[in-house]
Amino acid sequence: MNETILILGGTREAAELAARLVMTRPDARIVTSLAGRTKDPAPLSGKVRIGGFGGAEGLANWIAENQVSTLIDATHPYADAISANAATAAAAAGVTLRRLARPPWMAEADDRWIEVSDLEAAVDAVPSGATGFLALGSQYVSAFSVRPDCRFVVRMVDVPEVPLTFDAEIVLGRPGLDAGAERALFEACEIDCLVCRNSGGAAGYAKIEAARALGLPVIIIARPAALSPGHATVEDLLAALG
Ligand SMILES: NC(=O)c1ccc[n+]([C@@H]2O[C@H](COP(=O)([O-])OP(=O)(O)OC[C@H]3O[C@@H](n4cnc5c(N)ncnc54)[C@H](OP(=O)(O)O)[C@@H]3O)[C@@H](O)[C@H]2O)c1
């Protein structure tokens, strides 16, 4: 029976890892699991399964039924529920667990970061009367509905299935890769502060650079404390897999 490696994905790094493993381990079955949040996910190398497992127990069952030898948690650094399930399921099923997580960004001298511990604290930190740009997953945005004293511009990949519960302007699209374009967007929307998470990686960094260039405060939500830092790069993880 050939080896099966299950990658919990949903990130660019997970896609890169799947492509590398398909190339370097032609005899292995490489499966990427997606939660199914994105309507039109980018194509992935290897096999793909979509949808929740039904908690840690469901994941452990899937691992056993599919004879997975290695579980790789390459989910987003803030996807703490699936990461906790991965740890529990790997222990229960007796398989090796590896984690791949981009290192967080570090503030530079000109950055005006307001670091907060969680979403609730981020909601409180938006100055009264401000226009905030919410660069957050769609599931976190409704928390800002308790701030009718502020105006919000929300960036989303897809049109929300359930309309927002408050009056916010939606900008559709993925995070801009170009700091100049992000800056132009912030200026056009008359943004006073950016609210985001410390996701790390190159793809989302342009907004941080744009905020720095405009001297805007960035309310930045800290990473879930319970999660291990894991391997910082695909290269490190591949080396650890041997
Ligand atoms: N959080 C973000 O901002 C963010 C950003 C970019 C991409 N993503 C990706 O989007 C997915 C969902 O993120 P989240 O923050 O909603 O996760 P989460 O809160 O940690 O997970 C909630 C539930 O969604 C299911 N799930 C999550 N990731 C899954 C995966 N890769 N495969 C199968 N089921 C998965 C699990 O359901 P069951 O308990 O039923 O198994 C999990 O308990 C993750 O794959 C993540 O990598 C998230």
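In listed order, ligands and their atoms are each counted from 1.
Using a 4.0 Å cut-off between charged side-chain N and carboxylate O, Arg151 and Glu169 make a salt bridge.
Considering Ala79, Ala81, Ser199 only, the shortest heavy-atom separation from atom 13 (O) of ligand 1 involves Ala79.
Transitive grouping of hydrophobic side chains (ILVMFWY, heavy atoms separated by less than 4.5 Å) brings Leu119 and Val195 into a common cluster. At a threshold of 4.5 Å between side-chain heavy atoms, the hydrophobic network of Ile, Leu, Val, Met, Phe, Trp and Tyr places Val116 and Phe144 in one connected group. No continuous path of hydrophobic side-chain contacts links Val171 to Leu136 [ILVMFWY only; heavy atoms under 4.5 Å]. The hydrophobic cluster containing Leu134 also contains Ile114, counting ILVMFWY residues as joined when their side-chain heavy atoms lie under 4.5 angstrom apart, directly or transitively.
Counting only distance, with no hydrogens or angles, the side chain of Arg183 and the backbone of Leu214 share no donor-acceptor pair below 3.5 Å. For Arg20 (side chain) and Val234 (main-chain N/O), no donor-acceptor pair under 3.5 Å exists by modelled atom type.
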Arg29 and Asn2: CA distance, side-chain angles, deciding distance, side chain to side chain contact (heavy atoms under 4.5 Å, CB included) verdict:
CA-CA 7 Å; Arg29 190 170 162 251; Asn2 290 339; 5.7 Å; no
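Scanning all protein heavy atoms for the shortest distance to atom 16 (O) of ligand 1 gives Arg37 NH2, 2.9 Å. When only non-hydrogen protein atoms are considered, atom 48 (C) of ligand 1 lies nearest to His76 CB, 3.4 Å. Looking only at protein heavy atoms, the nearest one to atom 3 (O) of ligand 1 is Arg197 NH2, 2.4 Å. Protein heavy atom closest to atom 41 (O) of ligand 1, with residue, atom name and distance, is Phe53 N, 2.7 Å. In terms of protein heavy-atom proximity, atom 31 (N) of ligand 1 is closest to Ser33 O, 3.0 Å. In terms of protein heavy-atom proximity, atom 40 (O) of ligand 1 is closest to Gly54 N, 2.9 Å. Nearest non-hydrogen protein atom to atom 37 (O) of ligand 1 is Gly52 CA, 3.7 Å. Protein heavy atom in closest approach to atom 30 (C) of ligand 1: Ala35 N, 3.5 Å.
Ligand 1 has Gly51 within reach: a non-hydrogen atom of the residue lies less than 4.0 Å from it. Ligand 1 has Leu34 within reach: a non-hydrogen atom of the residue lies less than 4.0 Å from it. Residue contact annotation: Gly58 has no non-hydrogen atom under 4.0 Å from ligand 1. For the pair Gly10 and ligand 1, a heavy-atom separation below 4.0 Å is found.
Near Ile82, meaning under 4.0 Å from one of its heavy atoms, ligand 1 places the atoms 18 (P), 20 (O), 21 (O), 26 (N), 27 (C), 28 (N), 29 (C), 35 (C), 36 (C). Numbered from 1 in the order shown, with element, the atoms of ligand 1 that lie under 4.0 Å from a heavy atom of Gly9 read 31 (N), 44 (C), 45 (O), 46 (C), 47 (O). Remark: ligand 1 atoms within the under-4.0 Å shell around heavy atoms of Asn85 are 39 (O), 43 (O). Within ligand 1, the atoms closer than 4.0 Å to a non-hydrogen atom of Gly55 are 38 (P), 39 (O), 40 (O), 41 (O), numbered from 1 in the order shown. Close approach of ligand 1 to Asp80 (heavy-atom distance below 4.0 Å) involves ligand atoms 20 (O).
At a heavy-atom distance under 4.0 Å, only side-chain atoms of Tyr140, from C-beta outward, approach ligand 1.
A centroid separation of less than 6.0 Å is found between the aromatic rings of Phe186 and Phe133.
Across all their heavy atoms, Lys207 and Cys196 have their closest contact at CE-CB, 3.7 Å. Contact record, Met156 with Ser138: CE-CB, 3.8 Å, taken as the closest heavy-atom pair.
Residues Thr165 and Ser142 bring no donor and acceptor atom of their side chains to less than 3.5 Å of each other. With no hydrogens or angles considered, no side-chain donor-acceptor pair links Thr70 and Arg98 at under 3.5 Å.
The distance criterion of under 3.5 Å between nitrogen or oxygen atoms is not met by Gly137 with respect to ligand 1. Close N/O approach between Gln139 and ligand 1 is found [any backbone or side-chain N/O within under 3.5 Å]. For ligand 1, the polar-atom distance check finds no N/O of Thr75 at less than 3.5 Å from any of the ligand's N/O atoms.
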